[in-house]
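The structure appears right after this line, and notes come after that.
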Amino acid sequence: MLAGWIAAVSSLGVIAQAANQDKQDGNESAAKPNFVIIFADDQGYGDLSCFGSQTIATPNIDRLATDGRKFTNFMVASPVCTPSRAALLTGCYPKRVGMHQHVLFPASTKGLNPDEHTIADHLKGQGYATACFGKWHLGHHPEVLPISNGFDTYFGIPYSNDMNHPDNKGKPKGGPDGMDVLWKDPESTLTKWNTPLFEDDQIVELPVDQRTVTRRYTQKAIDFITDHRDGPFFVYLPHSMPHIPLYVPDDVRDPNPLNAYVNVIEHIDTEVGRLLDTLDRLNLTENTYVIYTTDNGPWLTFKHHGGSAGPLRDGKGTTFEGGQRVPCLMRGPGIPAGTVCDALTGTIDVLPTIASITGTPLPDDKKIDGMDMSELWMGTIDQSPRNEFVYYTSRGDVEGIRLGKWKLLVKKPRQNKNAKNPKPAQVMLFDLSKDIGEQNNLADAKPDVVQRLRNRMMEADEEITRNAREPWHKEK
C-alpha cells in the first residue's frame with residue numbers, strides 16, 4: 001500500500017514538495033488534502049450533460065469533468081441503496097460486511113458494524129474533521145448511525161425518503177401516477193410522509209420537509225467546510241434525491257410532474273455549484289478532492305420520476321450495467337483536467353485509494369476487496385489494477401462476474417421451491433468492449449469462456465462467504 005502511495009505522490013510533483021516543506025515547518029496537517037464525496041441516489045448513467053443527457057442541464061457538475069476526470073467504467077457493488085453505501089464506505093463487497101441482503105427499513109434490527117473501518121474512521125484517525133450530511137441507510141439505531149462509524153457530526157435522514165417512522169406504515173400510493181399526485185401537492189411532504197430528520201443521534205424534525213433537504217444538506221456542508229477551512233476535512237454528502245418521492249424547494253419548482261426528475265437533478269446541480277464556489281472562495285480548490293457519483297442506476301419503473309441509463313441496459317435492482325455502472329467525476333490535486341478514464345474501477349476502490357493518497361496504510365486485520373487506484377486517478381497509468389468485478393443481486397446472491405472484456409450473468413428464474421420441473425438458469429455472456437448495451441448474448445458461441453468465468457465467480461463468492469464478517473445486530 002505504501003509503495004502505491006509513493007508512486008501516486010511522485011506523480012504530483014508540486015504537492016510532494018509542498019508536503020515536504022510543511023513537514024519541515026512542523027505543520028503536517030496543512031499538507032493533507034481534503035475530501036468531499038457527493039453521492040446521489042438512483043441517478044442514472046445518462047442523467048448528466050457530460051454523460052450525454054440531452055434533457056438535463058448540469059453545468060456545475062460538468063465543471064468536475066472540465067477541471068478533472070470522467071470515469072466511464074465506474075461500478076457500484078450493488079444495484080440498491082444499503083449494500084451499495086456499505087461498499088463505498090468500507091471498500092468491501094457488501095456480503096463481506098454482512099450488508100448484502102437488500103435495503104434496511106424502519107423495522108430493521110441490523111446495521112453497519114462499527115467495528116468495520118470506514119473512510120471516515122481512516123481519515124478521523126489522521127486528524128481529519130469528518131461529517132455526513134444526507135441519507136445514511138446503514139442502520140437507524142444509535143449504535144450504527146454515522147457518529148458511531150467515524151463521523152464527528154451527522155445531519156440527514158436515516159433511510160430512504162419513501163420510508164415512514166416508526167414502522168413504515170401509512171404511506172401514499174406508489175408508482176408514477178402516485179408520484180404525479182405528490183408532485184402536484186408540495187405540502188404532501190408534510191401530510192403524506194413521516195420520514196425523520198436526524199441531527200447526530202436525535203430526531204430533530206418529523207416529518208422532514210423534503211422540499212428543502214437538498215439545499216439544507218449542502219448548506220450544512222458549506223458551513224462545515226467554512227468552519228474547518230484550515231483542514232483537513234472529509235465531507236460525505238449522500239443526497240436523498242433523486243430517489244422517489246421527488247421534491248424541490250418551492251422557489252425552483254416546475255409544477256409539471258412530467259418535468260419532476262429533470263427539475264430535481266438540475267436543483268442538485270445548482271447546489272453542487274454552491275459547494276464548488278465555496279471551495280473556490282476559500283482557496284481550497286487546489287487541495288480538495290471532489291468525487292461525484294451515485295449509489296446505483298435509475299429506478300426505471302417510475303418513468304418520468306426516474307432517470308435514464310443512457311446506452312446501458314436496464315436500471316436499479318438489476319445486475320445489468322444500467323443497474324451498477326454509474327456516472328463518476330473526480331477533481332483534485334494531481335488529477336488531470338479534461339480527461340476521460342475508460343478503465344474498470346468503482347466505489348470499493350475509494351477507501352484504499354484515499355489511504356494511498358494520504359500515505360497511511362489500512363488496518364491489516366480486516367480484508368477488503370478494494371484496490372489502490374491512485375495512479376489511475378492521476379492518469380499516470382491507463383490500465384486499471386482491477387481486471388475483475390463480481391455482481392451480486394439486490395438480495396445478495398452472486399449472479400455474475402466481469403473478467404477483462406467479458407461479463408457473465410447467470411440469472412436464476414423466480415419459481416416455486418417445490419416445483420417438479422425447475423426452470424434452468426439463464427446464462428448470458430457479453431463482450432463489453434463491443435457491446436456496452438448487453439444486447440448480444442455470446443454464451444452459446446463461447447462455452448469455454450462461460451465455464452472459465454463461472455468457475456471464477458463461484459470461487460470468488462466462496463471466499464467472500466467464508467470470510468464474511470457479521471453486521472451489527474440489535475440485542476433482543
Side-chain angles (χ1 to χ4, degrees), residues 1-20 22-23 31-38 50 64-77 87-93 117-119 122-123 126 128 232 234 285-293 325-364 367-390 402-405 432-433:
M1 186 64 68
L2 184 57
W5 172 74
I6 293 172
V9 172
S10 67
S11 70
L12 305 183
V14 173
I15 297 173
Q17 292 176 17
N20 290 334
D22 284 325
K23 289 182 180 179
K32 295 177 180 178
N34 308 304
F35 295 91
V36 176
I37 298 176
I38 306 171
C50 59
L64 297 174
T66 302
D67 299 342
R69 196 158 170 80
K70 181 169 77 169
F71 292 81
T72 65
N73 207 342
F74 193 84
M75 308 300 299
V76 293
L88 168 67
L89 291 177
T90 66
C92 296
Y93 285 113
H117 188 74
T118 66
I119 296 173
H122 195 73
L123 293 176
Q126 301 174 54
Y128 278 69
F234 167 48
T285 299
E286 297 301 319
N287 196 42
T288 302
Y289 288 94
V290 180
I291 301 172
Y292 185 97
T293 188
R325 188 186 296 213
V326 295
C328 179
L329 304 164
M330 298 187 192
R331 184 187 79 180
I335 296 179
T339 59
V340 177
C341 177
D342 298 321
L344 179 63
T345 182
T347 51
I348 60 174
D349 300 321
V350 173
L351 169 58
T353 304
I354 286 177
S356 177
I357 289 172
T358 56
T360 51
L362 293 169
D364 57 10
K367 180 178 175 61
I368 69 170
D369 302 292
M371 297 179 177
D372 173 13
M373 295 286 168
S374 55
E375 292 181 283
L376 196 69
W377 286 17
M378 308 308 167
T380 58
I381 60 173
D382 295 324
Q383 186 171 345
S384 174
R386 175 175 298 287
N387 188 51
E388 173 183 289
F389 184 81
V390 183
R402 167 97 174 263
L403 276 176
K405 68 178 184 178
L432 293 182
S433 69

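The shown structure was predicted, so the numbers you read here are calculated from the model rather than taken from an experiment. Along the sequence shown, residues are numbered consecutively beginning with 1. Because only heavy atoms are used, hydrogens play no part in the values below, and waters and symmetry mates are left out as well, while side chains stay in.
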Whether the side chain of Thr293 engages the backbone of Pro327 through a donor-acceptor N/O pair (distance < 3.5 Å, no angle test) should be reported.
yes
With heavy-atom distances below 4.5 Å as the criterion, would you say the side chains of Lys32 and Thr360 are in contact?
no
Non-hydrogen side-chain atoms of Pro352 and Met371 separated by less than 4.5 Å
no
Do Phe71 and Met373 have side chains that get closer than 4.5 Å, going by heavy atoms?
no
Between Phe389 and Val76, the two heavy atoms sitting closest are CZ-O, 3.3 Å
Flag side-chain contact, heavy atom, 4.5 Å: Phe234 against Ile354
no
Among residues at least two apart in sequence or on other chains, which ones pass ring-ring contact (aromatic ring centres under 6.0 Å, His included) with Tyr292?
none
Do the side chain of Asn73 and the main chain of Ala343 share a donor and acceptor less than 3.5 angstrom apart?
no
Hey, are the side chains of Ile368 and Thr90 touching, using non-hydrogen atoms and a 4.5 Å cut-off?
no
Test side-chain contact (heavy atoms from CB on, under 4.5 Å) on Thr358 and Tyr128; report intermediate values, then the result.
CA-CA 11 Å; Thr358 56; Tyr128 278 69; 3.7 Å; yes
So, taking the atom named CD in Glu286 and the one named CG in Asn34, what distance separates them when rounded to the nearest 0.5 Å?
12.0 Å
What are the two closest heavy atoms between Gly346 and Phe74, and how far apart are they?
C-CZ, 3.5 Å
State, yes or no, whether a side-chain contact exists between Thr345 and Thr353 at a heavy-atom distance under 4.5 Å.
no
Of all heavy-atom pairs linking Gly91 and Leu351, the shortest is N-CD2, 4.2 Å
What's the separation between atom NZ in Lys70 and atom CG in Leu64, rounded to the nearest 0.5 Å?
12.5 Å
Within this structure, what is the CG-CD distance for the pair Asp342 and Gln383, rounded to the nearest 0.5 Å?
13.0 Å
I'd like to check Arg386 versus Leu376 (side-chain heavy atoms, cut-off strictly below 4.5 Å). Are they in contact?
no
Nearest 0.5 angstrom please: Ile357 CD1 to Ile335 CD1, how far?
6.5 Å
Under 3.5 Å: donor-acceptor pair, side chain of Thr288, backbone of Thr285:
no
Using 0.5 Å steps for rounding, measure from the CG atom of Leu329 to the CZ atom of Arg69.
12.0 Å
I need the minimum non-hydrogen distance between Pro336 and Thr339, along with the two atoms involved.
O-OG1, 2.8 Å
Shortest non-hydrogen pair, Ile348 vs Ala77, comes out as CG2-CB, 4.0 Å
Within this structure, what is the CD-CG distance for the pair Glu375 and Asp382, rounded to the nearest 0.5 Å?
11.0 Å
Leu432 versus Lys405: any side-chain heavy-atom pair under 4.5 Å?
no
Name the orientation class of the two ring planes belonging to Trp377 and Tyr289 (parallel below 30°, tilted from 30 to 60°, perpendicular beyond 60°).
tilted
